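What follows is one structure encoded as structure tokens, with my remarks underneath.
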Amino acid sequence: MNNAQWYSPIAKVAAFATLTLGIVFTGAADAQTSKSNPYNLIDPARVSVGTMGDSRPYAFVDKNGEFSGFDIELFLDVARRLGFTKDQVSFTGQDFSALIPSVANGRFDVAVAAIGTTEPRKKTVDFSDGYLAGYLSVITADEKIKTEADLTGKRLGVVQGTLQEIFATKNFTKTDLVKFPDNNAAISALNNGTIDAHFFDYEAAKQQAERYKTLRIAINIPSFDAPAGFVVQKGNNAFREALNKGLREAMQDGTWKRLHEKWFPGTPMPDQYLPRS
Ligand code: SNW
């Protein structure tokens with residue numbers, strides 16, 4: 001994997017024109033932003049975040065029962081720049097497939113879990129600027145699986161609603177896809193041999209391969225055109241723009257770089273997220 005491959009321009013998030021009627025009915029009223037609730041939060045005193053408990057090292061529950069990981073720490077840093085202390089940010093773990101609908105329905109202010117920015121997802125929610133871009137990776141203990149073609153006739157785990165599920169459905173048509181609600185269930189299935197391989201995000205795959213010596217990453221599919229962003233309710237431009245400003249600051253002052261080195265040691269960092277001189 002070379003450095004150049006890791007570079008990809010941040011996806012431009014199309015400006016969303018909030019209709020007056022939309023404001024009244026959705027409550028995500030950019031134009032009606034008030035001083036007491038500038039970001040149109042469910043509770044103006046805190047940020048409610050939907051995330052995942054088993055997406056290490058992006059977002060997971062650590063041994064002390066606290067949410068941790070690159071995405072969690074980056075979000076806490078950005079939220080602090082908006083004026084919210086750690087205690088004013090509440091994380092709730094959900095299945096991946098529930099995250100985007102939960103933000104759209106107003107259950108959470110934002111979803112944070114390496115959620116890739118794509119056009120279909122942008123139909124129901126808005127995304128902040130991108131903050132992470134990498135590969136979708138197949139992990140396996142089967143020595144015969146080396147390329148995509150070797151997945152023919154194999155049982156491959158995917159988590160419902162992920163880009164991995166979408167990619168595999170479209171491209172691995174001769175593979176038996178086994179759908180899981182979460183990563184924990186898929187990893188158990190992989191370790192007890194119910195599935196031959198599992199398909200998830202590169203850093204998660206890398207950590208599993210380090211943890212279980214029989215496992216290795218066999219295939220990497222570039223997903224740089226779908227950089228991860230923070231997911232907010234459609235039309236909540238005040239919140240989205242404030243998050244973008246916080247993200248830019250975290251990239252410019254080296255916070256992003258420090259967190260990347262901490263959570264993804266050894267992985268190349270694209271220049272676009274690094275401080276500019
Ligand atoms: O598209 C990639 C992005 O380039 C980066 O590598 C981080 O992960 C992605 O956003 C893809 N993530 C999956 C998705 O968005 C699964 C997320 C998860 O399991 N938490 O569907």
Side-chain angles (χ1 to χ4, degrees), residues 11 13-55 58-59 61 67 69 71-72 74-131 159-163 165-166 181-182 226-247:
V13 178
F16 178 74
T18 310
L19 295 169
T20 311
L21 282 174
I23 290 169
V24 171
F25 291 118
T26 65
D30 187 46
Q32 299 194 344
T33 293
S34 69
K35 276 218 174 83
S36 57
N37 191 7
Y39 306 127
N40 308 301
L41 302 177
I42 298 161
D43 170 354
R46 50 197 313 110
V47 185
S48 137
V49 187
T51 185
M52 290 166 77
D54 67 347
S55 200
Y58 304 93
V61 177
F67 281 93
D71 291 58
I72 299 292
L74 180 65
F75 186 79
L76 281 171
D77 179 83
V78 169
R80 187 182 49 76
R81 296 172 200 265
L82 272 62
F84 296 94
T85 63
K86 200 176 175 215
D87 293 342
Q88 292 169 320
V89 179
S90 50
F91 294 102
T92 305
Q94 292 263 300
D95 285 352
F96 184 82
S97 60
L99 291 175
I100 289 175
S102 297
V103 170
N105 294 337
R107 158 123 213 264
F108 301 121
D109 296 310
V110 56
V112 178
I115 305 174
T117 308
T118 65
E119 290 304 323
R121 288 173 176 175
K122 277 160 63 179
K123 291 204 171 101
T124 54
V125 289
D126 283 345
F127 281 80
S128 72
D129 289 340
Y131 62 80
V159 171
Q160 278 155 353
T162 60
L163 295 184
E165 181 188 24
I166 295 165
D182 56 51
F230 301 139
V231 170
V232 302
Q233 203 171 34
K234 228 175 190 336
N236 193 354
N237 296 334
F239 190 34
R240 186 175 53 77
E241 280 159 17
L243 292 172
N244 284 344
K245 182 165 177 279
L247 269 175

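Heavy-atom basis, side chains included; hydrogens, waters and symmetry copies ignored. Since the structure is predicted, the reported quantities are computational estimates derived from the model, not experimental observations.
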Let me confirm one number: the [atom1]-[atom2] distance from [X] to [Y], rounded to the nearest 0.5 Å.
X: D109; Y: R46; atom1: CG; atom2: CZ; result: 10.0 Å
X: Q233; Y: T124; atom1: CD; atom2: OG1; result: 10.5 Å
X: Q160; Y: S97; atom1: CD; atom2: OG; result: 6.0 Å
X: D182; Y: D95; atom1: CG; atom2: CG; result: 5.5 Å
X: T117; Y: D129; atom1: OG1; atom2: CG; result: 9.0 Å
X: K234; Y: D126; atom1: NZ; atom2: CG; result: 4.0 Å

Identify the two heavy atoms, one from [X] and one from [Y], that lie closest to each other, and give their separation to 0.1 Å.
X: G130; Y: P227; value: CA-CB, 4.1 Å
X: D71; Y: A114; value: OD2-N, 2.8 Å
X: S36; Y: P44; value: O-CB, 3.5 Å

| T51: what forms a side chain to side chain contact (heavy atoms under 4.5 Å, CB included) with it, not counting sequence neighbours? |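 Expected list: A59, F67, I72, F91, A113.
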| query | What residues, two or more places apart in sequence or in another chain, satisfy side chain to side chain contact (heavy atoms under 4.5 Å, CB included) together with R107? | reply |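 R107: side chain to side chain contact (heavy atoms under 4.5 Å, CB included) contacts with T92, Q94, S102.
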With side chains defined as the heavy atoms from C-beta onward, is the minimum distance between [X] and [Y] less than 4.5 Å?
X: V89; Y: F75; result: yes
X: I115; Y: R121; result: yes
X: Y131; Y: N244; result: no
X: S48; Y: S90; result: yes
X: V110; Y: V231; result: no
X: L74; Y: L247; result: yes
X: M52; Y: L99; result: yes
X: L82; Y: F239; result: yes

| Can T85 and Q88 be counted as having a side-chain donor-acceptor contact under 3.5 angstrom? |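 Yes, Q88 and T85 have a side-chain donor paired with an acceptor closer than 3.5 Å.
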| field | Under 3.5 Å: donor-acceptor pair, side chain of N236, backbone of V232 | value |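 Flag not set: sc N236 to bb V232 has no pair under 3.5 Å.
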| Is a side-chain N or O of S55 found less than 3.5 angstrom from the main chain of Y58, in a donor-acceptor match? |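 Not at all, since once roles are kept as given, no pair shorter than 3.5 Å links the two residues.
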| message | So, using side chain to side chain donor-acceptor pair (under 3.5 Å) as the criterion, who are the partners of R80 when residues are at least two apart? | response |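 Listed in chain order: D77.
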| Option among L41, V78, L76 that satisfies the side chain to side chain contact (heavy atoms under 4.5 Å, CB included) test with F84 |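 Exactly one option meets the side chain to side chain contact (heavy atoms under 4.5 Å, CB included) with F84, and it is L41.
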| message | Quick check on the 6.0 Å ring-centre criterion: do F230 and F127 meet it? | response |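 Not under 6.0 Å, so no.
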